[in-house]
Structure formats: C-alpha cells, structure tokens
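Only one structure is covered here, and it is reproduced in the block below.
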Amino acid sequence: MSTEELYKRYKTELFSLAYRMLGSVMDAEDIVQDAFLSYDGLSDVGTIRNERAFLYKIVTNRCLDLLRSSAKKREMYVGPWLPEPLIEKGASDNDPSNKYLRSESISTAYLLLLQQLSATERAVFLLREIFHYSFEEIADIVGKSSANCRQIFHRAKKSIHFDQDQQPSVSIAEETIKEFVKSLLQGNTTKLLELVSDNVVFYSDGGGKVSAAQVPVVGFEQVLKLHQNMINKHSGKFTYSFLVVNGLPGIRIRLSEGIQYVYSFAYRDHKIETIYNVANPEKLRHL
C-alpha cells in the first residue's frame, strides 16, 4: 500500500491517538504528518508486515518524547490547564476511523482524566482501551514486556473513573446548553438552577495570555456571578455560536476586541456539573 493510501486510511485514528495523548490539536496534527513523512522516507518499507501497527508505534513514541520534553513547561503553566478544544467539522460518516472522534473518550472531562496518568500509562491504556491492541502488540509499540503492559493497563484503568451513563445524548445536551445561554442572558436564575448543579465548577484556561480565573470557581452562586459580570462588562460587544466541542454541544464566544472563548461541559444527574472555558489564544489558533 502506498504512503498516500495509508495516510487516507489511518490519519484520523492516528490523530485521535495523538490528540488523546497530548491534549493538543496542533501538536497531534504535526506528529501524524511527521510520522507519514518518516514512513515515506524508509528504504525498507517492503519488510514491514503490519503498516498500521508500525505507524501507531511511530506516533506513540513521538508523543511520549514530546510529553517528556514538555513536562517542565506544563508544571509552570499559569492557571488551570485544559486541552485544546477539538471542533467537529462535519466529517464524513463513510470514514470508519471517524468513530474515534465521536466517542465519549474524546470529551474534555475524559481527556483531563487521562492527564492524571503518566505518559506511558496513558499510551498503554489508550492502545488497549480505545484502539483494542493486544498486550503483545502494545509491548512492541512501547518497548516493554507484555506482562508489564498488562499491569500498567489495569493500574491505569483503576484510575479512570468515568461514568458514561451520566453523559446525556447530543440532542439533550444541545437543548440544555441553549437553555443555559438563554437563561444567562435573561438573568433567569430559577431556570439556571434547574440546569446547573449547586456544586458546579468552572475552569478557565487563559494560560497567562488573557484575563482568566487562575483557580477553579466553585459553586452555583460564584459561577453565576462571574458570568453576570462578564455579560455586563461586554454588553453589546460579543457574539456567540453553538458548535460541537470534543464530541458534545458547546459554545464559542467572540469579543469585539478579538478575544474568544470556547466552552465545553460535563454533566451529572442531568445537570451541568463542570464548565470548561479555553481562552488561551495559543490553544485556539487552529480554529
């Protein structure tokens, strides 16, 4: 199979692996592109029996290298760190690899759980849980024994507490988010109490580049007050639109001075439990 054919077949799933590993759209795109360039430059491609596994190995190891080299930078990050929002662009349903970008495991909440794992734990967990590789195949990809990979996977799985049943359908989430925005703009606190948890947490990632809360804002009243102040401050100077962010309905807000915010949400007991806001312009360049 030619490199071009391999690219068409595997680029989406390789991107989805890299994105889950890194939480960065741009870095994931760069690594996938570089992986195919490296493959194309090999002189002995005819000896490769499993091109897909070989490409996964390249991408996985480049992600691991990048994570290790950027660990210090992450430690020094200003305020909460959130993954770059992945915006759905109407990808064709005819491509089976697109299923990897529609799973609940692409949600902001899930990506943040993955960040709690070490780089190697994340790689082993994703290769097994999402991409269904055997432990023998994973061992070859990450350079460890299959027994060790099995232990790493089970340890990582115990750390990932994600209740898929708490996630609403896309249609219900879309209705909730539209009602949330409408109620905020109208100052309808009664309706907001129906939509938002009393213990809601608001995370805002400005990365020190734009004004943003540098600690999580906790509780309905505090989160409501913050947003009411924002609405009053920028009255008549912002626009908003609804779009799919990390697999679920979200919001994009643009201020007249060029700043923008991308919101995504997590749910519990049919209410919004967590609000994620990415404002760092470096994380929104791909939009």
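The shown structure was predicted, so the numbers you read here are calculated from the model rather than taken from an experiment.
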Do [X] and [Y] meet the criterion of a side-chain donor-acceptor pair at a distance under 3.5 Å?
| X | Y | value |
| --- | --- | --- |
| Ser183 | Asn188 | no |
| Ser204 | Asn277 | yes |
| Ser105 | Arg20 | yes |
| Ser171 | Ser169 | yes |
| Ser38 | Arg62 | yes |
| Tyr133 | Asp140 | no |

For the side chain of [X] and the backbone of [Y], is there at least one donor-acceptor N/O pair under 3.5 Å apart?
| X | Y | value |
| --- | --- | --- |
| Ser235 | Asn232 | no |
| Glu75 | Lys72 | no |
| Ser70 | Lys73 | no |
| Arg254 | Thr239 | no |
| Arg122 | Leu117 | yes |
| Asn246 | Pro85 | no |

*asked:* Under the criterion side-chain contact (heavy atoms from CB on, under 4.5 Å), I'd like the reasoning laid out for Leu127 against Phe135: C-alpha separation, chi angles, the key distance, then a yes or no.
replied: CA-CA 9 Å; Leu127 289 168; Phe135 288 114; over 6 Å; no
Can you tell if the side chain of [X] reaches within under 4.5 Å of the side chain of [Y], non-hydrogen atoms only?
| X | Y | result |
| --- | --- | --- |
| Arg128 | His132 | no |
| Lys57 | Asn61 | yes |
| Glu88 | Leu243 | no |
| Leu185 | Ile231 | yes |
| Gln115 | Trp81 | yes |
| Leu224 | Val196 | no |
| Leu111 | Tyr19 | yes |
| Ile87 | Val244 | no |

Rounded to the nearest 0.5 Å, what separation is found between the [atom1] atom of [X] and the [atom2] atom of [Y]?
| X | Y | atom1 | atom2 | answer |
| --- | --- | --- | --- | --- |
| Cys63 | Leu14 | SG | CG | 9.5 Å |
| Ile31 | Glu29 | CD1 | CD | 11.5 Å |
| Leu195 | Glu175 | CG | CD | 9.0 Å |
| Gln186 | Lys182 | CD | NZ | 5.5 Å |
| Ser24 | His286 | OG | NE2 | 8.0 Å |
| Asn148 | Thr120 | CG | OG1 | 9.5 Å |

*Proximity of Tyr263 and His227 rings by center, below 6.0 Å*: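 Under 6.0 Å, so yes.
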*Would you say the ring centroid of Tyr261 lies under 6.0 angstrom from that of Tyr240?*
no
Looking only at heavy atoms, which two atoms of [X] and [Y] are closest? And how far apart?
| X | Y | result |
| --- | --- | --- |
| Cys149 | Ala139 | SG-CA, 3.7 Å |
| Pro168 | Leu248 | O-CD2, 4.2 Å |
| Pro80 | Gln214 | CD-O, 3.5 Å |
| Leu112 | Pro83 | CD2-CD, 3.8 Å |
| Ala123 | Thr60 | CB-CG2, 3.8 Å |
| Ala119 | Leu67 | CB-CD1, 3.8 Å |

*Give the C-alpha distance, both sets of side-chain angles, the deciding distance and a yes or no for side chain to side chain donor-acceptor pair (under 3.5 Å) between Glu137 and Ser134.*
CA-CA 5 Å; Glu137 291 170 317; Ser134 69; 3.2 Å; yes
Is [Y] paired with [X] through a side-chain N to carboxylate O contact shorter than 4.0 Å?
| X | Y | answer |
| --- | --- | --- |
| Lys178 | Glu174 | yes |
| Lys283 | Glu84 | no |
| Arg9 | Glu5 | no |
| Lys271 | Glu194 | no |

hydrophobic_cluster_shared for [Y] and [X], side chain cutoff 4.5 Å:
| X | Y | result |
| --- | --- | --- |
| Leu255 | Phe242 | yes |
| Ile251 | Val245 | no |
| Ile130 | Phe15 | yes |
| Leu193 | Ile272 | yes |
| Val201 | Val278 | yes |

*Take Tyr77 and Asn280, measure what side chain to side chain donor-acceptor pair (under 3.5 Å) needs, and give me the verdict at the end.*
CA-CA 11 Å; Tyr77 195 81; Asn280 184 345; 2.8 Å; yes
If you count heavy atoms of other groups shown closer than 6.0 angstrom to [atom1] of [X], is the number above 12?
| X | atom1 | result |
| --- | --- | --- |
| Arg74 | CZ | yes |
| Gln228 | CD | yes |
| Glu4 | CD | no |
| His270 | NE2 | no |
| Tyr203 | OH | no |

_Under the criterion side-chain contact (heavy atoms from CB on, under 4.5 Å), I'd like the reasoning laid out for Tyr56 against Glu13: C-alpha separation, chi angles, the key distance, then a yes or no._
CA-CA 9 Å; Tyr56 265 78; Glu13 59 184 274; 2.6 Å; yes
*Between Phe265 and Tyr276, does a side-chain contact (heavy atoms from CB on, under 4.5 Å) hold up when you go through it step by step?*
CA-CA 6 Å; Phe265 302 83; Tyr276 307 102; 5.9 Å; no
*Working for side-chain contact (heavy atoms from CB on, under 4.5 Å), residues Tyr7 and Leu55*: CA-CA 10 Å; Tyr7 183 76; Leu55 288 165; over 6 Å; no
